[in-house]
> 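Sharing a structure below in structure tokens format, with a few things to ask.
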Amino acid sequence: MAVGAPVQIGCGDADWNKPALTMQDQVKILLVDDSPENLVSLEATLSGLGQDLVLANSGKEALRHLLQEDFAVILLDVKMPEMDGFETAELIRSRKRSRHTPILFLTAYKSDEHLFRGYDLGAVDFLFKPIIPEVLRSKVSVFVELTRNNVLLQKQAEVLIKAERKFRSLLEAAPDAMAVLDQDGRIEVVNKQVEKVFGYDRQDLLGRSMEILVPFFREGYGIGTSAAGKEGPGAHNGASLDLRGIRKDGSEFPVEITVSPLDTEEGRVVTAAIRDVTEQKQAVKDIRDLNAKLELRVAERTAELLESVEMLRQTNDDLNQFVYAASHDLQEPLRLVALYSQIIQERHAAQLDDQAKKYLGFVLNGALRMETLLKDLLQYSQLGAIKDGPPGPVPCGDVMRQVLLNLQASIEQNKAQVSWNGLPTLEAHETRLLQLFQNLVGNAIKYRREDPPNIHVDAERRFGDWLFSIRDNGIGIKPEYAQQVFGIFKRLHGNKYPGTGIGLAICQRIVESYGGRIWLDSMPGEGSTFYFTFPHRDGSMLAD
Ligand code: ADP
């Protein structure tokens, strides 16, 4: 609820200071006399007052006028034929509309009997003939003024009633429970929402402290305490307060209260809007509970995952160890096979026929090839055993220069062109990066077409990673084999090209060990581009 500066309660659409009847407004005076001369003389005397004078020459005529109009005062001659002034006055008083209209009797007889009768009939005064004009004017002026004031008061009362009704209907229409409090926080008015929310009849609440509904309300707003300061209640308005509401049956519930000060004719009062926030609080609590549950589940899941990762790592380590041990242990007997095959070939060739020599050649070749495969497997398994110490900054340009030195013979022999630009420095292990680049560049030279190999190595920043590309103009790879070539001992081109099929598997393992990814884009006859990403860290920057 918006809370603003104190507002002024006035009379709504009316203005207190504007009289309902101005001094210029005319009131009506009824002059009743059977003598036309008297009427003329009365009219002449009173015309100076500027009021509306209505003349009647009999009691009957006077009563006719009174049926339709209201008068500030009636000047009534006592002695009239048919119906005298007293009889006329009796009838005037018997009618509701004219019951309170002041009557001034005009009479020539100053008898007590006259006076008693007149006053009995509700006369407010007597004027004795001959009438002194000043006295007549001043007496009539008093009634004119009285009427003016009466009208004014009546209108003000109407305005007040209207304003009050408007205020109450606004209060009743409010969706929140609303209470109007006095300076000390006592309840002056409440709306029906208060009855509904708190279970009280409004009569039970009027005049009682707001604390009956909201304990600590005064404390919260500093009402009736020194905290209220000179400004009184409402000085602390503005913010909503979260407090506890208490129903008639003693049950408690959370409420949000906003107070607004109101400056009225009687001084400052405070309106308090009280909202039952049970549902909102429950919703917030539900969300919190749900979050807590979710967090717990995430924590549990994370712990489970970490456990699985640890188990996987363990299994992986075991597997690596097994591969390492197996390939290492197998090397020895294999070397014996190769050695003795060679001895037989060299020393006992004469005892062998051609077929035996041929088969022996197969045995020797097989043993040598197997030896190479075991060496590769050993190398592959060692990659998983992270024994290389912590990573350090490795400028990829330097790595490429070393690759060129290592592959110098092949480059010269194939007349290969190898270029690069924009290569960063990475937080990595130099030996692994050397293996990675050398395998990729070596393959790009090896799987060449007739044209001399042309190889370009590039790197660019993409989404927080480094994206490397090694592009060649070689024989290319069918897209359906783009995944397979990264498998251990997977080869596409048979014995036409030397190799064991472990190079790309090693590349994949190295890239993934740094959190990167490797893939290729190629078409047969159109060359290949191998891509790999390397997570960018602050240490990796452009070198050359
Ligand atoms: P190897 O070169 O020892 O056979 P790799 O694992 O390095 O083993 O490569 C696997 C296979 O992928 C290769 O046998 C070859 O068929 C294919 N290959 C690798 N690099 C290229 C390349 N640049 N162009 C064409 N084919 C390639």
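The analysis underlying the following values was restricted to heavy atoms, covering all of them including side chains, and did not include hydrogens, waters or symmetry mates. Atoms within each ligand, like the ligands themselves, are counted from 1 in listed order.
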> Considering only heavy atoms, does Lys490 approach ligand 1 within less than 4.0 Å through its side chain, its backbone, both, or neither?
backbone
> Heavy atoms only: which of Cys507, Gly501, Gly527 is nearest to atom 3 (O) of ligand 1?
Gly501
> Give the residue, atom name and distance (to 0.1 Å) of the protein heavy atom nearest atom 6 (O) of ligand 1.
Leu504 N, 2.8 Å
> Less than 6.0 Å separating the ring centroids of Phe534 and Phe468?
no
> Answer with yes or no whether Tyr497 contacts ligand 1, where contact means a heavy atom under 4.0 Å from a ligand atom.
no
> Going by the side chain to side chain donor-acceptor pair (under 3.5 Å) test, name the single residue among Asn414, Asn454, Asp472 that passes it with Arg448.
Asn414
> In the protein, which heavy atom is nearest to atom 21 (C) of ligand 1, and how far is it?
Tyr447 CD1, 3.4 Å
> Establish, for the pair Arg517 and Trp519, whether the NZ or CZ atom is under 6.0 angstrom from the six-membered ring centre and no further than 45 degrees off its axis.
yes
> Under 4.0 Å from a heavy atom of Ser528: which atoms of ligand 1 are those, numbered in the order shown and with their elements?
24 (N)
> Would you call the rings of Tyr447 and His493 parallel, tilted or perpendicular, where under 30° means parallel and over 60° means perpendicular?
tilted
> Looking only at heavy atoms, which two atoms of Ala444 and Pro453 are closest? And how far apart?
O-CB, 4.2 Å
> Which atoms of ligand 1 are found less than 4.0 Å from any heavy atom of Lys446?
1 (P), 2 (O), 3 (O)
> Quick one: which ligand 1 atoms are inside 4.0 Å of a heavy atom on Gly499?
3 (O)
> Against heavy atoms of Gly476, which atoms of ligand 1 measure under 4.0 Å?
25 (C)
> Tell me the protein heavy atom at minimum distance from atom 23 (N) of ligand 1, and give that distance in Å.
Asp472 OD2, 2.9 Å
> Nearest heavy atom to atom 17 (C) of ligand 1: which of Val485, Ile502, Ile455 does it belong to?
Val485
> Distance to 0.1 Å, residue and atom name: give those for the protein heavy atom nearest to atom 4 (O) of ligand 1.
Arg491 NE, 2.5 Å
> What part of Phe486, side chain from CB on, backbone N/CA/C/O, both or neither, has a heavy atom under 4.0 Å from ligand 1?
neither
> Give the contacting part of Asn443 toward ligand 1: side chain, backbone, both or neither, where contact means a heavy-atom distance below 4.0 Å.
both
> Taking only heavy atoms of Thr500, which atoms of ligand 1 are found under 4.0 Å from at least one of them?
3 (O)
> Describe, in one word, how the ring planes of Phe198 and Phe253 are oriented to each other, choosing from parallel (under 30°), tilted (30 to 60°) and perpendicular (over 60°).
tilted
